[in-house]
Amino acid sequence: MSILCRFAPSPNGRLHVGHAFSAMVNHDAARASGGRFLLRIEDVDTARSRPEFEAGIKEDLGWLGILPAEPPRRQSEHFPFYAQALERLEAEGLAYPAFESRADIARAVIAHEVTAPWPRDPDGAPVYPFARESLTEAERSRRRAAGEPFVLRLDMARAVERAGLLAWKEAQDTPLGPVEAQAADPAAWGDVVLSRKDTPASYHLAVVLDDAEQGITHVIRGLDLFFATAIHRLLQHLLGLPEPVYHHHRLILGADGRKLSKSAGAPSLAALRADGAMPSDIRRLVGLPTWSEA
Ligand code: GLU
């Protein structure tokens with residue numbers, strides 16, 4: 001079975017060892033299967049994305065010996081493509097404009113929590129504390145036409161009702177390991193955001209559309225995205241998209257036991273390289289066999 005997989009970083013900082021691990025696991029799996037590896041630049045958040053970080057990603061991958069089979073797909077170049085899917089979801093009554101600001105949402109959660117804890121999504125963020133029914137459709141249309149800022153949200157209750165029980169295919173142990181059905185629980189995420197004024201396609205929407213458009217057969221990424229896969233599977237179902245196999249790999253943890261992150265001070269690959277590290281040192285550091293051992 002020859003696979004098509006991708007590494008899909010957001011160009012909002014330099015890559016660290018955790019990113020290198022994910023890219024190497026993808027690249028190794030493509031190589032082992034006689035398949036292909038692609039790079040996708042996930043720059044839907046145009047305010048945080050920078051061309052110099054995209055250049056850094058390419059430089060770091062090149063240093064690791066990872067060459068994508070094609071020039072990268074850049075999400076910011078495909079907003080009209082994502083907009084079509086949004087129109088379809090709206091036309092089918094599965095997405096709706098919501099007008100609350102982030103501050104409105106925080107206030108509502110605090111008000112709820114006076115009496116009891118408010119439900120959190122699998123990432124630990126409070127679920128959307130308002131209901132679609134709190135405004136009539138006519139009122140939503142009027143406010144939108146009047147130019148009020150809004151986000152488009154998925155109507156999770158309707159979407160789940162439409163889809164019924166869903167599962168995704170998870171490859172066990174390794175990206176090419178045996179596949180088992182994993183029950184999906186998208187409802188735990190509430191009415192997730194599908195687009196904002198400053199981000200015309202959310203990560204969730206763009207990722208499923210691009211994986212389908214690029215014909216990705218295996219989505220290989222970190223365990224931090226395991227539960228989000230429920231949303232991705234749901235969107236695939238609603239939009240009639242093919243279903244890739246998923247594999248969620250272990251995360252590389254820092255000395256504090258937490259996932260590596262730029263904000264927590266993880267050293268960049270560029271800094272390690274400047275200190276004299278070799279690509280084989282990076283492989284050893286993350287517990288992957290070096291080429292001579294592979
Ligand atoms: N762009 C996402 C990130 O940097 C990864 C998306 C994915 O692999 O599905 O976390």
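All values reported here derive from a predicted model rather than from experimental measurement. Just follow the structure's listing: the first ligand is 1, and inside any ligand the first atom is 1. All values below were derived from every heavy atom in this structure, side-chain atoms included, with hydrogens, water molecules and symmetry-related copies excluded. Position 1 is the first residue of the sequence; numbering continues from there.
Ring planes of Phe37 and Phe7: parallel class, angle under 30° (limits at 30 and 60°). Between His249 and His247, the ring planes are tilted. Angles from 30° to 60° get that label.
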Could you list each nitrogen or oxygen of ligand 1 that sits under 3.5 Å from a protein nitrogen or oxygen, with the atom names and the distance?
| residue | atom | partner | partner atom | Å |
| --- | --- | --- | --- | --- |
| ligand 1 | 1 (N) | Ala8 | O | 2.7 |
| ligand 1 | 1 (N) | Glu42 | OE1 | 2.6 |
| ligand 1 | 8 (O) | Arg6 | NH1 | 2.8 |
| ligand 1 | 9 (O) | Arg6 | NH2 | 2.9 |
| ligand 1 | 9 (O) | Tyr203 | OH | 3.0 |
| ligand 1 | 9 (O) | Arg221 | NH1 | 2.8 |

Worksheet item: Given the rule in the side chain to side chain contact (heavy atoms under 4.5 Å, CB included) test, do Phe81 and Phe79 qualify, once you have shown the distances and angles that lead to the verdict?
Response: CA-CA 5 Å; Phe81 171 63; Phe79 287 135; over 6 Å; no
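Side chain of Trp189 to backbone of Phe227: a donor-acceptor contact under 3.5 angstrom is found.
Put simply, the residue from Glu90, Gln84, Glu92 that forms a side chain to side chain donor-acceptor pair (under 3.5 Å) with Arg88 is Glu92.
A 6.0 Å sphere centred on CD of Glu161 holds no more than 12 heavy atoms belonging to other residues, nucleotides or ligands.
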